[in-house]
Amino acid sequence: MTVAPEIAPADEKATEPAAEPDEQQSAPPEDRTEQPSVTGTSVGGDNNGTVINQFAPEKEVRANLVEGPVTDDLITHATRAFCRPEKFGRAALILRKRRLVVLSGRSSGRSMAGVRLLIDRNVGTLQRLDPARPLKDFVSSVKRRSGLVGYLWDDHTGTDWAESDGERTLGQLEHTLREMDAYLVVAFNSDVSLRTVPEYVTELIPPPTSDVAHAHLKAKGIPPERCRELLTQIKLSEVLPGYSKPRRGAEVARLLAEVESDQYSFDEVAQTLYRNEDHDVQDWFTENPNAATRALSITVALLEDCPYNDIASAAKKLEDVLTNPENKEIWPYTPPDLFERTRDEKLNNVHATIPPQLGTDYGLTNPERVRFTRPDWGMRLLRYAWKEFDRIRALLHEWLGSLSEELPEDSDAQREVFTRFGKLIAASAEPGPLQWVRPWLETYGSGHHHQIAAITLGALCTNPSYVQTVKDHLNWWARPTARSRYRHAVAIACRAEFGKAYPEFAMKQLGRLTKNCDSRLRALIPPAVRELLQEPSNRSLVLSSLAFWLAGGGAQARAMAYKCSIDALSLNQAPVTFASREESAIRMIFAALMTNTTYRPAVIKNLAVWSSWSVSGPHTVANQALLRILFTGDPSFVRRLGYDLRRYIESNEEGSRNLARQLALTLKDI
């Protein structure tokens, strides 16, 4: 086994990279989603005097066909809250017979049905495929994996699909799947013709949305009798008409569950359930033309759940901007009425309140957090204001840029605010979404603005049409020769929801960032890896990527991998149980750590600590499973590990008795 040579950890001996050149080696073409903009675009010259755009990507990224594992949340929903659509049985029969099924029927819950179909085939791994790649790429791109694998290819764009070649294409897929011992579920999001392949197709018919709502309420742990009682309190014919989509049933269940958990009253939820599109928002803006009231409502919509004092301060700044955008002040000056309205009157006017603080004494130091009295009111209000009052967009963007410096960097409040802003842009389907990110990266120089740019960029991917554009730019910015501000933004974006949605792409970019890695990146990459590990289905991917960094990366990549491996293996926490597909990566990582004189003592000490925790029982199986993985690997590594453990046990006889006992039991079992 090839292991990484000994080097110091990243925070000790890794040197700063050389200064980055102002000119890039090649001129990237224009952004594929928007026209070039002068504002926020850095323009420079190469050695030949050619003007280049340093912001746009070089070319479309050919990302891995496998985007990453199906999230545990979706698997849990498909297991506990699944409501079978009509013809689900036929789909299951086709999948079992042909290893492949194409689901048709818009708004019938095809993604959830696809996950459930694969779960019912008892697959060991569930993987999601890139919907922008053509079907023929499956044959050449997907590698055989150990164990039975299920692939979900939902929202497929129908790239390169031809009705005349449909039977041949699906026939090749079926043959490949049989050779791989795998299953595949495909669902197109475009109107492709499937008349020539009826033997592969099932048109699902959605179940009654009331049944979907009941299933989701039951999955939230609410007793069946209480589920039926909650549903009888609403007018099902109005809230869940026959033409409504399954996701509407899930949404109604979410709102009723918030009533059950006392987050909102039934009357507050009813205003959302029975609303007629966004007429209530339109009526509110008509009834409240005052700039101060509108500024407060927009501020609460973006900063919901933040303390009132922070919201009031930000709302006053936004009011000044909206009142006089040119000079940010009102002239001639008129003294305000300081006793015009109380705090509660202001909040009530925008449908907001301060919920009672349970278990705390009222005081000026107590952060009283503000929320709307109606669920989903904030995002609906933002979408309406953004759509109807387009002249305030640039002002809101500038105000948010100044607001970012007041929010703590890398705080929950900062992530929430700019995730909402990114989702607002995504929901509005802006033709040039990156124009709202570009100034924060190009014009401003602070880390706060780079942080909010990355958070906003990741939130844009809630609109599927933006995903490829975001990937193109992140891939371009992750180059070793790119400016540091762009590379920092990539690391932050990979840590946010974008990285969790596309883990394979995120780990690839993080690996590229380990080259020419500055001190800021050395602080950003480990948290990004740690966040990806929070999704249990990503553990195999992260561990194999770290093993690759250790085995094939440069000195800086290995140094970063050492630091990330400590978190990945939970060496600072309790032991975890690893899947069989992760064993090879575990051995490689431990081999590298054990050959590093800096980390070897920490690894051995933590093995002893884990053994002491295992005395009570909960961690015994996990610790012995880990020892078994380590002692069934490469013989040379086993001899080295055995020698180091024996020396530690002999020199720490009192503190290593449990380790010696578990080691003896493991070796006897082997």
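Summarising the geometry, atom CG belonging to Asp305 is positioned 8.0 Å from atom CD1 belonging to Ile311; distances are rounded to the nearest 0.5 Å. Here the straight-line distance linking atom CD1 of Ile425 with atom OH of Tyr466 works out to 7.5 Å at 0.5 Å rounding. To the nearest 0.5 angstrom, Phe498 atom CZ is 5.0 Å from Cys461 atom SG. Separation of atoms CD (Gln451) and CD1 (Ile492) is listed at 4.0 Å; rounding is to 0.5 Å. Taking CD of Glu260 as the start and NZ of Lys220 as the end, the distance is 12.0 Å to the nearest 0.5 Å. Rounded to the nearest 0.5 angstrom, Leu273 CG and Phe266 CZ are separated by 7.0 Å.
For the pair Arg479 and Trp477, the NZ or CZ position fails the cation-pi test of under 6.0 Å to the six-membered ring centre and within 45 degrees of the ring normal. A cation-pi contact, defined as under 6.0 Å to the ring centre and within 45° of the axis, is absent between Arg369 and Tyr308. For the pair Arg371 and Tyr264, the distance from NZ or CZ to the six-membered ring centre is under 6.0 Å and the angle to the ring normal is within 45 degrees.
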Can you list the steps and then say if Leu74 with Arg128 is a side-chain contact (heavy atoms from CB on, under 4.5 Å)?
CA-CA 11 Å; Leu74 187 56; Arg128 207 162 197 161; 3.7 Å; yes
Walk me through whether Arg254 and Glu258 qualify under salt bridge (charged side-chain N to carboxylate O under 4.0 Å, His left out).
CA-CA 6 Å; Arg254 181 183 67 82; Glu258 290 178 348; 3.1 Å; yes
How far apart are the C-alpha atoms of Glu535 and Leu541, what are their side-chain angles, what is the distance that settles it, and do they pass the side-chain contact (heavy atoms from CB on, under 4.5 Å) test?
CA-CA 11 Å; Glu535 180 68 42; Leu541 168 66; over 6 Å; no
The test is side chain to side chain donor-acceptor pair (under 3.5 Å); show your working for Gln468 and Asp472 and say whether it passes.
CA-CA 6 Å; Gln468 188 59 50; Asp472 290 349; 2.9 Å; yes
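Closest heavy-atom contact between Met379 and Arg420: CE-O, 3.7 Å. Pairing each heavy atom of Cys227 with each of Leu217, the nearest pair is SG-CB, 3.6 Å. Across every non-hydrogen atom of Ala314 and Leu303, the tightest pair is CB-CD2, 4.4 Å. When all heavy atoms of Leu513 and Leu521 are compared, the closest pair comes out as O-CD1, 3.8 Å. When all heavy atoms of Ser210 and Leu236 are compared, the pair lying nearest together is CB-CD1, 4.4 Å. Across every non-hydrogen atom of Ser404 and Gln414, the tightest pair is O-NE2, 4.2 Å.
When atom types are taken as modelled, the side chain of Glu304 and the backbone of Ala301 share no donor-acceptor pair closer than 3.5 angstrom. Although no hydrogens or angles enter the test, the distance criterion places no donor-acceptor pair under 3.5 Å between the side chain of Tyr502 and the main chain of Val467.
Ion pair Glu67/Lys471 flagged as a salt bridge, since at least one NZ, NE, NH1 or NH2 atom sits closer than 4.0 Å to an Asp/Glu carboxylate oxygen. Salt bridge absent: Asp155 and Arg110 never bring a charged side-chain N and a carboxylate O closer than 4.0 Å. With respect to Glu368 and Arg343, a salt bridge is recorded, a charged nitrogen being found less than 4.0 Å from a carboxylate O. By the 4.0 Å N-to-carboxylate-O rule, Asp412 lies close enough to Arg415 to be salt-bridged with it. A salt bridge does not link Arg487 with Asp518: none of the charged nitrogens is closer than 4.0 Å to a carboxylate oxygen. Ion pairing of Arg247 with Glu251 is absent here, as no side-chain N (NZ or NE/NH1/NH2) approaches a carboxylate O to less than 4.0 Å.
Two residues are said to be in side-chain contact when any heavy atoms from C-beta on lie closer than 4.5 Å; Met507 and Leu532 meet this criterion. Under the 4.5 Å side-chain criterion, counting only non-hydrogen atoms from C-beta, Val300 is in contact with Phe372. Glu416 places none of its side-chain heavy atoms less than 4.5 Å from the side chain of Leu302. You'll find the side chain of Pro307 reaches within 4.5 Å of the side chain of Asp310, heavy atoms only. The side-chain heavy atoms of Pro131 and Asp154, taken from C-beta on, include no pair separated by under 4.5 Å. Contact annotation: the side chain of Leu474 approaches that of Val470 to within less than 4.5 Å [non-hydrogen atoms, C-beta and beyond]. Here the side chains of Thr353 and Asp344 are not in contact, with every heavy-atom distance at 4.5 Å or above. Taking 4.5 Å as the limit, some side-chain heavy atom of Pro503 sits within range of a side-chain heavy atom of Pro69.
There is a side-chain donor-acceptor pair under 3.5 Å between Thr209 and Ser244. At a cut-off of 3.5 Å, with distance as the only test, a side-chain donor of Asn475 or Arg512 sits close to an acceptor on the other residue. For Ser465 and Asn463, the side-chain atoms include at least one donor-acceptor pair closer than 3.5 Å. At a cut-off of 3.5 Å, with distance as the only test, a side-chain donor of Glu430 or Trp386 sits close to an acceptor on the other residue.
For Trp440 and Phe418, the gap between ring centers is short of 6.0 Å.
Below 30°, between 30° and 60°, or above 60°: for Trp377 and Trp284 the angle between ring planes is above 60°, a perpendicular geometry. Under the 30°/60° scheme for interplanar angles, the aromatic rings of Tyr384 and Phe389 are found to stand perpendicular. Between Phe421 and His397, the ring-plane angle classifies as tilted under the 30° and 60° cut-offs.
Atom CZ of Arg106 has more than 12 heavy atoms from other residues, nucleotides or ligands within 6.0 Å.
Evaluated for a side-chain hydrogen bond (donor to acceptor under 3.5 Å, both in side chains) with Asn288, the options Asp283, Thr293, Asn349 yield exactly one hit, Asn349.
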